[in-house]
A.B. asks: 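Here's a structure for you.
Values reported hereafter were calculated over all heavy atoms of this structure, with side chains retained and with hydrogens, waters and symmetry mates removed.
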Amino acid sequence: QVQLVESGGGLVQAGGSLRLACVASGRTFSSYTMGWFRRAPGKEREFVSAHNWSAGSPIYADSVKGRFTISRDNAKNTVYLQMNSLKPEDTAVYYCAAGRVSPYYRDYRRYGYWGQGTQVTVSS
């Protein structure tokens, strides 16, 4: 069992930055793919980024490529999503997820563990 807790959301102006954190507890998460998804009001859950650190490079949605960066701190069992150059269309609840999903990184149904979500609001 893996428990995930996100933090770091908030209100920021367009062009600003936020860093989301996802603390994992329970089973070691080193073997899991860690992903970030988001859901905006009235929209479907959307893939943002994912990385399996034992297999290849991180992947990003086209909409965030070049602006967002996924990273991890194994000592803290924490995965981060650094979000720069934020846009109003980035406004959503952001969720951390974990699972053995390779190679279906973008498919939220493959992830077995989810955090409660953290709200990100970008004002114009």
Side-chain angles (χ1 to χ4, degrees):
Q1 194 76 6
V2 175
Q3 293 81 40
L4 305 173
V5 178
E6 303 99 332
S7 62
L11 173 64
V12 64
Q13 288 189 331
S17 298
L18 283 173
R19 188 177 75 159
L20 306 184
C22 172
V23 179
S25 60
R27 286 185 175 180
T28 177
F29 77 133
S30 61
S31 62
Y32 286 82
T33 293
M34 300 301 296
W36 288 95
F37 290 79
R38 66 187 182 187
R39 176 175 280 169
K43 294 189 176 181
E44 297 289 319
R45 188 170 358 192
E46 176 188 20
F47 169 78
V48 175
S49 179
H51 196 193
N52 181 332
W53 275 265
S54 62
S57 302
I59 61 172
Y60 298 94
D62 288 344
S63 58
V64 307
K65 200 172 295 182
R67 300 188 298 122
F68 290 12
T69 302
I70 190 171
S71 63
R72 72 190 285 167
D73 183 334
N74 285 333
K76 296 181 179 180
N77 270 10
T78 301
V79 176
Y80 301 98
L81 185 69
Q82 178 66 44
M83 306 186 296
N84 298 329
S85 302
L86 283 162
K87 305 175 181 179
E89 51 263 44
D90 294 319
T91 295
V93 177
Y94 283 71
Y95 298 91
C96 176
R100 293 191 173 93
V101 306
S102 179
Y104 307 103
Y105 301 106
R106 300 173 186 268
D107 187 350
Y108 72 88
R109 297 167 297 180
R110 299 281 181 167
Y111 291 79
Y113 303 101
W114 292 85
Q116 81 289 351
T118 185
Q119 176 71 47
V120 171
T121 303
V122 184
S123 62
S124 57

A.B. asks: In terms of hydrophobic clusters joined by side-chain contacts under 4.5 Å, are F47 and W114 together?
C.D. replies: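 Same cluster: F47 reaches W114 through Ile, Leu, Val, Met, Phe, Trp or Tyr contacts under 4.5 Å.
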A.B. asks: If you take all heavy atoms of E6 and C96, which pair is closest and at what distance?
C.D. replies: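 Scanning both residues, the minimum pair turns out to be OE2-N, 2.7 Å.
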A.B. asks: Looking at OG of S124 and CD of E89, how far apart are the two atoms once the value is rounded to the nearest 0.5 Å?
C.D. replies: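 With rounding to 0.5 Å, OG (S124) is 10.0 Å from CD (E89).
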A.B. asks: Show the nearest heavy-atom pair for residues S63 and R38, with the distance to one decimal.
C.D. replies: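 Closest heavy-atom pair between S63 and R38: OG-NH2, 3.5 Å.
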A.B. asks: Between Y108 and Y95, does the ring centre distance come in under 6.0 Å?
C.D. replies: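 When the ring centroids of Y108 and Y95 are compared, they turn out to be at least 6.0 Å apart.
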A.B. asks: Determine whether a donor-acceptor pair (N or O, by modelled atom type, separation under 3.5 Å) exists between the side chain of T121 and the backbone of T91.
C.D. replies: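 Flag not set: sc T121 to bb T91 has no pair under 3.5 Å.
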A.B. asks: Measure across A50 and T33 and return the closest heavy-atom pair with its distance rounded to 0.1 Å.
C.D. replies: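 The pair with the smallest heavy-atom distance is CB-CG2, 4.1 Å.
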A.B. asks: Are the side chain of Q116 and the backbone N or O of V5 linked by a donor-acceptor pair below 3.5 Å?
C.D. replies: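 Judged by distance alone, no pair lies under 3.5 Å.
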A.B. asks: Mind checking the OH-OH spacing from Y105 to Y111? Nearest 0.5 Å is all I need.
C.D. replies: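 If we round to the nearest 0.5 Å, Y105:OH and Y111:OH are 8.0 Å apart.
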A.B. asks: Between S31 and N52, what is the shortest heavy-atom contact and its length?
C.D. replies: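 S31 and N52 have their closest heavy atoms at O-ND2, 4.5 Å.
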A.B. asks: Check the hydrophobic clustering (I, L, V, M, F, W, Y; side-chain heavy atoms under 4.5 Å; chains of links allowed) and say if V12 and V48 are grouped together.
C.D. replies: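 V12 and V48: one cluster.
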A.B. asks: If you measure from OG on S17 to CZ on F68, what distance do you get to the nearest 0.5 Å?
C.D. replies: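 So the gap between those two atoms works out to 9.5 Å.
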A.B. asks: Are D90 and M83 close enough that some pair of their side-chain heavy atoms sits under 4.5 Å apart?
C.D. replies: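 D90 does not reach M83 side chain to side chain.
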A.B. asks: Would a hydrophobic clustering, with Ile, Leu, Val, Met, Phe, Trp and Tyr connected at side-chain separations under 4.5 Å, put L81 with L18?
C.D. replies: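 Yes, because L81 and L18 connect within a single hydrophobic cluster, where side-chain heavy atoms sit under 4.5 Å apart.
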A.B. asks: Tell me whether L20 shares a hydrophobic cluster with W53, the cluster being built from Ile, Leu, Val, Met, Phe, Trp, Tyr side chains joined at under 4.5 Å.
C.D. replies: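 Yes, L20 and W53 fall within the same hydrophobic cluster.
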A.B. asks: Atom CG of L4 and atom CE of M34: how far apart are they, to the nearest 0.5 Å?
C.D. replies: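 Rounded to the nearest 0.5 Å, the CG-CE separation comes to 5.0 Å.
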A.B. asks: Under 3.5 Å, side chain of S85 to main-chain N/O of G15, donor-acceptor pair present?
C.D. replies: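 No; judged by distance alone, with no hydrogens or angles, the pair does not exist.
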A.B. asks: As an exercise, state the distance from CD of E46 to CZ of R39, rounded to the nearest 0.5 Å.
C.D. replies: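 So the CD of E46 and the CZ of R39 are separated by 11.5 Å.
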A.B. asks: Using the side chain to side chain contact (heavy atoms under 4.5 Å, CB included) rule, take R67 and K87 through it: C-alpha gap first, then chi angles, then the decisive distance, then the call.
C.D. replies: CA-CA 10 Å; R67 300 188 298 122; K87 305 175 181 179; 3.8 Å; yes
A.B. asks: Verify the cluster assignment for Y80 and W36: are they in a single hydrophobic cluster under the rule of side-chain heavy atoms below 4.5 Å apart?
C.D. replies: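 In one cluster: no.
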A.B. asks: Decide yes or no for T69 and Y60: does some side-chain heavy atom of the first lie under 4.5 Å from some side-chain heavy atom of the second?
C.D. replies: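 The answer is yes; the side chains approach within 4.5 Å.
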A.B. asks: Would you say Q82's side chain and R19's backbone share a donor-acceptor pair under 3.5 angstrom?
C.D. replies: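 Not a single qualifying donor-acceptor pair exists.
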A.B. asks: Measuring only between side-chain heavy atoms, which start at C-beta, is H51 closer than 4.5 Å to V79?
C.D. replies: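 When only atoms from C-beta onward are counted, V79 and H51 do not touch, as no gap falls below 4.5 Å.
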